[in-house]
Amino acid sequence: MARTIKNDLVIVLSGEAGQGIQSIEGILTLLLKRSGYNVFSASEFMSRVRGGCNSTEIRISSKPAAGYIDRIDILIPLHNDAVEHLKKRITSETIVIGDKSKINYDGIIDIQFNKIAIDAGNALVSNTVAAGFICGLLSLDINECESFIVRHFSNKNETIRKQNQDAMKRGYEAGRTISSVNISIEKDMSVKTDLMLSGAESVALGALAGGCNYVCGYPMSPSTSVLEKMAAYSRKFDIIVEQVEDEVGVVNMALGAWYAGARALVTTSGGGFALMCEGISLCGMIESPLVLHLAQRPGPATGLPTRTEQGDLNLVLYAGHGDFPRIILAPGTLEDGYMLTKNAFELSDKFQTPVFILTDQFFIDSRNNTPEFTVTESPLNRFIKTDSNYKRFAFSDSGISPRGIPGYGAGAVCVDSDEHDESGHITEDLDLRIRMVDKRLKKEVAILREALEPRLNGGSNYKTLIICWGSTFGTVNEAVEMLDSKDVSVLHYSWIYPLPVSTIDYLKKAANVIVVENNATAQFAKLIQLSTGF
């Protein structure tokens, strides 16, 4: 008896690292979006270059989707270990499709992807066969599928292009033979003009829009994706990208770039960030702008390098010795990733303080369709032309001093890691020390005026308020929508610190407050308690 799936289909592909799972994901998500489907994909990787067992979930929906679902409707295992790896998610409703001679699973629908690839001329195109199979299963336009594959491999030689085109066609034909599943998902042709992006791409595009022209990092999962995207963009835009020898060098090179007038981005993960803490404290003392993207992964130490967690909020909140202001942002949507990163450069430049962008592996490696972003001009180059009387750390009512850069004007731009006077020269005057600390902390008043309000989804007359931050938004929001209760609303924070002052008003209105976050110690809940007394 055929199974009917309506409006929401979850396909999971699983195999060894090196079997092209990500290639299938990249091809399918774009093809499905262009065919009028809402698409979401999320990947899980083992921390190895070859072998192991990775999987990619591709969710096809009649409405916008940005959350992971544990259910598997169709499983395509490309390696025998995949079934064991995913057994907790496989139910009697799961349709398993694969090569019966290689996959040990009762009731598997036999499709020999590798043999079909060999028939197409190359065993290596089995991933294209699998992509074609899913296209056939969904009855996509075969001509569109074939032409897409030709464009996708346009930088390869003619033989490879033809082999992949043939593999797509043969896989498509195999998909059309499956009669055990009826798929009915309503299309929305307006999504054809949507962007199809990963979280990493949204952050990188936001950096471009923010005027970033210098990027440095040391490769560290999962932050490396942003470094790779910016390296690719550097071929078209005026950007310097540096792979540095270690993270201590990374943060200091970024500070040097800002000192010289560049707009610099650092991208790292928890272990790398830990090595940057002295440089972050230096940033606080010399009142330098700094935009730092931290893609969280489970710790402590090496932890789980390719998995996801929201465990580094406290690390960022308290990094660097001494007291100085900071801003912490955490995107929950692709548009957040773009806008927050773009605005981070302006905020950091304006307040001359570090701005941290907290993502995680889930956000960075997930992909979904999203409407085109509104692109606005960012004011650049807030530094001034100095004169001979210039004082880098001049006192002001706001705590913000005019920022000069070396060589632009007659003034000396003196900065020092020691406490200093208005001109930047070292001092041990204790009264002046107090004035300088107060000067730096004065900025927090103006920063709070810029704080983004949290996003309230649901009615304002809620009884239960579910609070989340960063990447958990899509999943939490969808779960609450499924409850369909006027008494439950979601409050999502993308501006994490300093906490918006309106927070206490939201809390007082609720009979029940639940904070959902992906860590063991309720880091954001404790920040709310600390900031509000609630």
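Predicted model, so just to flag it, every value in this text is computed and none were measured. Computed over heavy atoms, backbone and side chain alike; hydrogens, waters and symmetry mates excluded.
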So salt bridge (charged side-chain N to carboxylate O under 4.0 Å, His left out) across residues 161-175, not counting sequence neighbours, yields E158-K162, D166-R170
Work out which heavy atom in A167 is nearest to a heavy atom in V125; give both atom names and the distance. CB-CG2, 3.7 Å
Side-chain contact, heavy-atom cut-off 4.5 Å: I109 with I178? yes
How would you list all residue pairs meeting salt bridge (charged side-chain N to carboxylate O under 4.0 Å, His left out) that involve residues 330-340, not counting sequence neighbours? D336-R455
Would you find a donor on one side and an acceptor on the other, under 3.5 Å apart, between the side chain of S223 and the backbone of A295? no
First locate atom OG1 of T128, then atom CD1 of I116, and finally report the distance between them rounded to the nearest 0.5 Å. 12.0 Å
Just to verify, what does D360 make a side-chain contact (heavy atoms from CB on, under 4.5 Å) with, not counting sequence neighbours? Q296, T308, Q310, F362, F363, S471
Excluding sequence neighbours, so at least two apart, what forms ring pair (Phe, Tyr, Trp, His ring centres under 6.0 Å) with F473? H492
Name every donor-acceptor pair, under 3.5 Å, that has one atom in a side chain of residues 208-220 and the other anywhere in the protein, sequence neighbours excluded.
{"residue": "N213", "atom": "OD1", "partner": "R263", "partner atom": "N", "Å": "2.8"}

Please output the side-chain donor-acceptor pairs of residues 27-40 that fall under 3.5 Å, not counting sequence neighbours, one pair per line with the distance.
{"residue": "T29", "atom": "OG1", "partner": "E25", "partner atom": "O", "Å": "2.8"}
{"residue": "T29", "atom": "OG1", "partner": "G26", "partner atom": "O", "Å": "3.4"}
{"residue": "K33", "atom": "NZ", "partner": "K192", "partner atom": "O", "Å": "3.0"}
{"residue": "K33", "atom": "NZ", "partner": "D194", "partner atom": "O", "Å": "2.8"}
{"residue": "S35", "atom": "OG", "partner": "L31", "partner atom": "O", "Å": "2.9"}
{"residue": "N38", "atom": "OD1", "partner": "N369", "partner atom": "ND2", "Å": "3.1"}

Sorted by chain and residue number, the ring pair (Phe, Tyr, Trp, His ring centres under 6.0 Å) partners of F345 (sequence neighbours excluded) come out as none
Is the shortest side-chain heavy-atom distance between L317 and I328 below 4.5 Å? yes
Donor on one side chain, acceptor on other, D365 and Q361, under 3.5 Å: yes
Once you round to the nearest 0.5 Å, how far does CG of L75 lie from CD1 of I103? 9.0 Å
So, T193 side chain and S190 main chain: donor-acceptor pair closer than 3.5 Å or not? yes
Between atom OG of S41 and atom CD1 of I24, what is the distance when rounded to the nearest 0.5 Å? 12.0 Å
Value for NE2 (H293) from OG1 (T267), rounded to nearest 0.5 Å, stands at 5.0 Å
For S61 and D8, does a side-chain donor sit closer than 3.5 Å to a side-chain acceptor? yes
By salt bridge (charged side-chain N to carboxylate O under 4.0 Å, His left out) - contacts of K115 (at least two apart): D119
Kindly compute the distance separating CG (N477) from OG1 (T472), expressed to the nearest 0.5 Å. 10.0 Å
Could you check whether any side-chain heavy atom of V490 comes within less than 4.5 Å of a side-chain heavy atom of L456, counting everything from C-beta outward? no
Side-chain donor-acceptor pairs of residues 226-247 under 3.5 Å, sequence neighbours excluded:
{"residue": "S234", "atom": "OG", "partner": "A231", "partner atom": "O", "Å": "2.5"}
{"residue": "D246", "atom": "OD1", "partner": "V248", "partner atom": "N", "Å": "3.2"}
{"residue": "D246", "atom": "OD1", "partner": "G249", "partner atom": "N", "Å": "2.8"}

Ignoring hydrogens and angles, tell me if any N or O in the side chain of T56 forms a donor-acceptor pair with the backbone of L13 under 3.5 Å. no
In sequence, state the C-alpha distance, the side-chain angles, and the governing distance for R297 and E309, and then conclude on salt bridge (Lys or Arg N to Asp or Glu O under 4.0 Å). CA-CA 5 Å; R297 69 193 213 184; E309 193 170 272; over 6 Å; no
I'd like to know whether L137 forms a side chain to side chain contact (heavy atoms under 4.5 Å, CB included) with I183, so could you lay out the CA-CA distance, the side-chain angles of the two residues, the decisive distance to 0.1 Å, and finally the verdict. CA-CA 8 Å; L137 200 62; I183 299 169; 4.0 Å; yes
Going by heavy atoms in the side chains, are I74 and I97 under 4.5 Å from each other? yes
Side chains of T306 and S221, donor plus acceptor under 3.5 Å: no
Heavy-atom check, side chain of I327 versus side chain of P354, under 4.5 Å: no
F524 versus I496: any side-chain heavy-atom pair under 4.5 Å? yes
N/O donor-acceptor pair under 3.5 Å between D110 side chain and D99 backbone: no
Contact summary for F373 and L334, nearest pair of heavy atoms: CZ-O, 3.6 Å
Quick one: does R59's side chain get under 4.5 Å of Y68's, heavy atoms only? no
Does the side chain of Q163 come under 3.5 Å of the side chain of N122 through a donor N or O and an acceptor N or O? yes
With a sphere of 6.0 Å drawn around CG of N7, does it hold more than 12 non-hydrogen atoms of other residues, nucleotides or ligands? yes
Once ring pair (Phe, Tyr, Trp, His ring centres under 6.0 Å) is applied, what residue pairs with a partner in residues 71-128 remain, sequence neighbours excluded? F113-F133
Strictly below 4.0 Å, N to O, side chains only: are R89 and E57 in salt-bridge contact? yes
Would you say that more than 12 heavy atoms from the other residues, nucleotides or ligands in this model lie under 6.0 Å from the CE of M482, or not? no
If you measure from CG on L315 to CZ on F273, what distance do you get to the nearest 0.5 Å? 5.0 Å
Treating S62 as the side-chain partner and I185 as the backbone partner, does any N or O pair qualify as donor plus acceptor under 3.5 Å? no
Locate the shortest heavy-atom distance separating L290 from A254; write the atom from each residue and the value. CD1-CB, 3.8 Å
If you look at every heavy atom in G15 and L78, which pair is closest and at what distance? CA-CB, 4.4 Å
Shortest non-hydrogen separation from D312 to G270 and the atoms involved: OD2-CA, 3.5 Å
Tell me if a side-chain donor or acceptor on R3 pairs with a main-chain N or O of E93 at a distance below 3.5 Å. yes
Is there a side-chain contact between I21 and S55 in this structure, where contact means two heavy atoms from C-beta onward sitting under 4.5 Å apart? no
Which atom pairs, one a donor and one an acceptor, fall under 3.5 Å between side chains of residues 138-157 and the rest of the protein, sequence neighbours left out?
{"residue": "S139", "atom": "OG", "partner": "R176", "partner atom": "NH1", "Å": "2.8"}
{"residue": "D141", "atom": "OD1", "partner": "N143", "partner atom": "N", "Å": "2.8"}
{"residue": "D141", "atom": "OD1", "partner": "E144", "partner atom": "N", "Å": "3.1"}
{"residue": "E146", "atom": "OE1", "partner": "Q165", "partner atom": "NE2", "Å": "3.1"}
{"residue": "S147", "atom": "OG", "partner": "N143", "partner atom": "O", "Å": "3.0"}
{"residue": "S147", "atom": "OG", "partner": "E144", "partner atom": "O", "Å": "3.0"}
{"residue": "S154", "atom": "OG", "partner": "R151", "partner atom": "O", "Å": "2.9"}
{"residue": "N157", "atom": "OD1", "partner": "T159", "partner atom": "N", "Å": "3.1"}
{"residue": "N157", "atom": "OD1", "partner": "I160", "partner atom": "N", "Å": "2.9"}

Residues at least two apart in sequence or cross-chain that pass salt bridge (charged side-chain N to carboxylate O under 4.0 Å, His left out) with R367, listed by chain then number, are E201
Heavy-atom nearest pair, A65 first then N368, reads O-CB, 3.7 Å
Under 3.5 Å, is there a donor-acceptor pair between the side chain of T341 and the main chain of Y338? no
If we ignore hydrogens and angles and just use 3.5 Å, is the side chain of Q523 paired with the main-chain N or O of L313 as donor and acceptor? yes
For W258 and A264, indicate whether the former's side chain and the latter's backbone hold a donor-acceptor pair under 3.5 Å. yes
